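Worksheet for the structure shown next.
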Amino acid sequence: MALDQSFVGRTYPPTDPYEVGREKIREFAEAVGDANPAYTDPDAAKALGHPDVIAPPTFVFAITFKAAGQVIQDPQLGLDYSRVVHGDQKFSYVRPVRAGDRLTVTSTIEAIKSLAGNDILDIRGEVHDEAGEHVVTAWTKLVARAAEEA
Amino acid sequence: MTAKISYSDVEVGTELPAQTFTVTRATLVRYAGASGDFNPIHWNEKFAREVGLPDVIAHGMFTMAEAIRVVTDWTGDPGAVVEYGVRFTKPVVVPNDDEGATVEVSGKIGAKLDDHTVRVDLTATSAGQKILGMSRAVVRLA
C-alpha cells in the first residue's frame, strides 16, 4: 500500500547531541583505508585551517541515518524496512564535522512517491552544532521495493 | 581550508588521478563496526542470499566513502568538499576469499563554478559495471 502523502513536510524533533570523538574519526578513517593526516593528526588539521581533526566527508551519515530512524520506524508512516534499499545520498557541507562537535539532527520528510509499486522516501537531515550553527545537510533517498504478489 | 590545487590550474575535462580500492569481507566487518551499520547483508552470506542477493554486498556508504578519496587525495584538504552526492546503481558483490572485490574510481572536472569551486564528476566501477550514478562533488580550490 502506498505511503500516506500527508507525511510530506513532517519534521521530527531534534535528536540528542552526538559528541564526535577523535578516536571515532580515526576508527572510521582506518575502516575506509584513508590515511589523510587531517583525520588523525591535530597539527596537520590545523595546518589546513581547522581547529581540530576533521571527519571524512561521509562520516556524518552514521549520525543522520540513525536520526532518520525516527522516520523509518514511525509506526504511523508504516514503512516496511525489510524491503528498503538506499537509493541516493547527498551532502551539502557548511564546514567539515570535527572532533569535539556536539551534533543534533533534525529530520524532515521531503517527498513520498510511489513508482511501479515501490515507495520512495526522501528524508532531509539538518545537522547543527552545539552553538546552533548549521554544519551539514544530508539528503537520503530510501526505496521500499514492492512486495511480491502472494 | 587549504586545497593544494589552484582553481586557475584546472579546466573542464581535467582528469584527477584515478584510484583502485580493494574490498574484502574483513574490510566490511571493519566498516560495519566503524559506521554502526550492522545490516547482515554486508557480512552474512546466508542472510544475503535469503533476501535475493548473489552474495554479501559492500555498504553503499563504504563505496561512497572510497570514491570521494579521489577528490580529497587530490585537494589535500578533505574540508574543501562543499557538496557530494551519489546514486547507488549496482551493489558491489564481495566474495569470501582473499581477493575480495575491486572498485575503480576516476574523476574529471565537469564544470568550473563560482567562488573558486569546481564540480568533479566521478565514475566508479566494479567487475566492469558502473556502481555509482550521478556521482558528483563540488570542491573549493585555492
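Only a predicted model underlies this, so the values are computations on that prediction, with no experimental measurement involved. All heavy atoms count here, side chains included; hydrogens, waters and symmetry mates do not.
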Can you tell which of [options] has the highest number of heavy-atom pairs within less than 4.5 Å of chain A?
| options | result |
| --- | --- |
| B:A65, B:G36, B:A32 | B:A65 |
| B:E83, B:E66, B:R30, B:M134 | B:E83 |
| B:V81, B:V138, B:D73 | B:V81 |
| B:G85, B:G133, B:P78, B:G60 | B:P78 |
| B:A34, B:P91, B:A137 | B:A34 |

In terms of heavy-atom pairs under 4.5 Å, which option from [options] contacts chain B the most?
| options | value |
| --- | --- |
| A:E27, A:K24, A:E30 | A:E27 |
| A:V85, A:V97, A:D88, A:T137 | A:D88 |
| A:A138, A:P57, A:A31, A:A44 | A:A31 |

Under 3.5 Å: donor-acceptor pair, side chain of [X], backbone of [Y]:
| X | Y | value |
| --- | --- | --- |
| B:R136 | B:V120 | no |
| A:Q70 | A:P13 | yes |
| A:E110 | A:V8 | no |

Please flag which part of [X] lies under 4.5 Å from any non-hydrogen atom of chain B: side chain, backbone, both or neither.
| X | result |
| --- | --- |
| A:D34 | both |
| A:F65 | neither |
| A:K141 | neither |
| A:A47 | backbone |
| A:P56 | neither |

Under 3.5 Å side-chain donor-acceptor pair for A:D4 and A:S6: yes

Distance-only donor-acceptor check, side chains B:N39 and B:H59, under 3.5 Å: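 Judged by distance alone, the side chains do not pair up.
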
Check: B:Y84 ring centre within less than 6.0 Å of A:Y93 ring centre: no

Ring geometry between A:F61 and A:F91 (parallel below 30°, tilted from 30 to 60°, perpendicular above 60°):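 A:F91 vs A:F61 ring planes: perpendicular.
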
Test side-chain contact (heavy atoms from CB on, under 4.5 Å) applied to A:T140 and A:H86, step by step: CA-CA 8 Å; A:T140 302; A:H86 197 176; 3.7 Å; yes

Non-hydrogen atoms of B:V23 and B:A58 that approach each other most closely: CG1-CB, 4.3 Å

